[in-house]
Amino acid sequence: MKIFNEQHEMFRQTLRSFVEKDVMPHVEEWEAAGRIPKSIWPRMGALGLLGVEYDEKYGGGGADLLTTAVLHEECARSRSGSFAMAVGVHTDMASPHLYWTGSEPLKAKYLPAICRGEKLCAIAVTEPGGGSDVAAIRTRAVREGDHYVLNGSKMFITNGALADLYFVAARVERGEVLRRHEGISMFLVERETPGFAVGRTLDKMGMRASDTAELAFQDMRVPAENLLGREGVGFYEVMRVFQRERLVAGLHAVAMSSRALEDTLAYVRERQAFGGPLSDKQVVRHKLADLATRIEAGRALTYAALLRYQAGEEAVSEISMAKLFTAEMVQKVAYECVQLHGGYGYMREYAIERFARDARLLSIGGGTSEIMKEIIAKALLA
Ligand SMILES: Cc1cc2nc3c(=O)[nH]c(=O)nc-3n(C[C@H](O)[C@H](O)[C@H](O)COP(=O)(O)OP(=O)(O)OC[C@H]3O[C@@H](n4cnc5c(N)ncnc54)[C@H](O)[C@@H]3O)c2cc1C
């Protein structure tokens, strides 16, 4: 399924050489450190990789959604799920809140630095009490003069330890009884804001180069002009940006799976057993054929959702299906690719081992597979 034009492919070449030169040689070191050095962001900014769709007046590239898709495919080919995720959060899960709903002065103030990679972004929705039920957010915001005062905490925040700008969901309290999702509002919070604190950096199964942190807000005073969009409509904005996040997750799952399959093909061609290469055994060949078929199905579903979304059509079910299918598909690919590597697949020195740990997140983060099924079922039964 060919959806990219010549310009997209040229962009892909720029990215591929950047990833091969500036990312892949450092992945092990970043995994061990538990963080990606902040020096990577200005380098990406200089190459025009951090605001591909944003208006040129803010330092963006003014390109289309398919260019963004190329960005995420190539980042995910790096064999570092952490790197792909960190980029995805900055470009397509956090900063769209500013681009889509921020006031003009706020956009003029922050977007150029975001595009240049001088300010790293994080999105803070999930709380210790739950992530799937966004309407249950407990972080409170109370208006006091020309500020909102926020109290609460956030959990599992990607780029959480290192970010400069946090897009925080909080419930604005005005005394009246609200329906569960009403009152939720989005705020742009600078790291230096009094009352803001980064808590523990969390120790994870996979995505180990990505810093995942807890955040705490204690009487955190956020200027009222940092409210994004209208007060009380944040729930809908979170859901709107989730569509983009889930498309990116689908692209990640497919690209990570393709890379793992390529690595596995190379391995089974080389590895000898019972007098010949593993690739000669019919069971192995059929397994590879099965994985390739699943990956292509995931790609087709994701591209179809992407094209609908690009055309401005309602694509919530299609995006949820793509996220669900690819997040489950990558689990199968991870299991089988490790299996085909035998004992070596269980060793840290093989990238396939890291892939299997990174892949596990994809059916949890950005909306679990169960939540994707709920969304799809709701539309079916509407
Ligand atoms: C590494 C990592 C990075 C993350 N990065 C971010 C980030 O940058 N920003 C952010 O805001 N969040 C982030 N998250 C949070 C992530 O989005 C949540 O973990 C996810 O949405 C699930 O929420 P939860 O962990 O609270 O699980 P819960 O909501 O407690 O769910 C637990 C289980 O119950 C199931 N379940 C829940 N409700 C239902 C239902 N109605 N029907 C059936 N099953 C249900 C879920 O599917 C899941 O299997 C990250 C998480 C991880 C692990």
Side-chain angles (χ1 to χ4, degrees), residues 31 34-36 80-97 120-139 152-171 180-181 184-189 191 198-217 228 234-235 237-246 248-249 252-253 256 320 323-324 327-328 330-331 354 357-378 381:
E31 287 279 308
R35 52 180 54 198
I36 298 166
S80 170
S82 300
F83 173 68
M85 181 165 75
V87 173
V89 165
H90 179 79
T91 61
D92 286 280
M93 303 170 197
S95 59
H97 281 283
L120 178 62
C121 298
I123 172 80
V125 175
T126 304
E127 302 193 340
S132 300
D133 187 2
V134 174
I137 279 175
R138 297 175 64 165
T139 296
S153 57
K154 297 289 173 181
M155 186 52 123
F156 308 141
I157 306 307
T158 301
N159 299 343
L162 296 175
D164 305 287
L165 301 175
Y166 296 80
F167 292 85
V168 175
R171 186 183 297 283
R180 286 175 77 242
H181 63 278
I184 294 174
S185 307
M186 293 300 298
F187 296 91
L188 195 168
V189 176
R191 186 191 182 88
V198 174
R200 283 186 306 156
T201 298
L202 302 160
D203 194 10
K204 307 189 296 296
M205 172 191 203
M207 302 285 193
R208 293 185 64 82
S210 161
D211 55 298
T212 309
E214 295 174 343
L215 307 177
F217 318 128
L228 296 162
F235 179 82
E237 287 308 322
V238 170
M239 294 301 138
R240 183 153 77 117
V241 178
F242 265 160
Q243 301 314 307
R244 190 167 263 270
E245 170 164 357
R246 289 167 187 165
V248 171
H252 281 168
M256 286 166 71
S320 305
K323 164 78 167 71
L324 170 65
E328 296 300 319
V330 74
Q331 309 307 325
R354 180 172 64 248
R357 284 182 292 105
D358 287 354
R360 189 64 190 84
L361 178 65
L362 295 178
S363 62
I364 300 170
T368 64
S369 288
E370 292 74 21
I371 296 303
M372 293 308 101
K373 287 180 191 172
E374 278 302 301
I375 295 169
I376 298 162
K378 197 172 156 194
L381 296 165

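For ligands, and for the atoms within them, numbers begin at 1 and follow the listed sequence.
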Item checked: For K204, the ligand 1 atoms whose distance to one of its heavy atoms is below 4.0 Å -> 1 (C)
Notebook entry, point to check: Would the number of heavy atoms belonging to other residues, nucleotides or ligands and lying under 6.0 Å from CZ of R244 be above 12?
Noted result: yes
Next item on the list: Return each pair, listed once, that meets salt bridge (Lys or Arg N to Asp or Glu O under 4.0 Å) where at least one residue sits in residues 154-167; pairs must be two or more places apart or across chains.
Entry: K38-D164, E127-K154
Next item on the list: Tell me, please, which residues at least two apart from E328 pass salt bridge (charged side-chain N to carboxylate O under 4.0 Å, His left out).
Entry: none
Checklist line | Nitrogen or oxygen of E374 less than 3.5 angstrom from that of ligand 1 | finding: no
Next item on the list: Measure from atom 17 (O) of ligand 1 to the protein's non-hydrogen atoms and state whether any distance is below 4.0 Å.
Entry: yes
Notebook entry, point to check: Looking at atom 33 (C) of ligand 1, is any protein heavy atom nearer than 4.0 Å to it?
Noted result: no
Margin query: Please confirm whether I123 approaches ligand 1 to less than 4.0 Å, judged on its heavy atoms.
Written below: yes
Check: Do the non-hydrogen side-chain atoms of I157 and T212 ever get within less than 4.5 Å of each other?
Finding: no
Check: Does the pair E237 and L228 meet the rule for a side chain to side chain contact (heavy atoms under 4.5 Å, CB included), with working shown?
Finding: CA-CA 9 Å; E237 287 308 322; L228 296 162; over 6 Å; no
Notebook entry, point to check: Is E214 salt-bridged to R200, cutoff N-O under 4.0 Å?
Noted result: yes
Next item on the list: Say whether M207 and ligand 1 are in contact under the criterion: heavy-atom distance to a ligand atom below 4.0 Å.
Entry: no
Checklist line | Numbering as shown, the atoms of ligand 1 that approach T368 to under 4.0 Å (heavy-atom distance) | finding: 22 (C), 46 (C), 47 (O)
Check: For ligand 1, is there an N or O atom under 3.5 Å from any N or O atom of E370?
Finding: yes
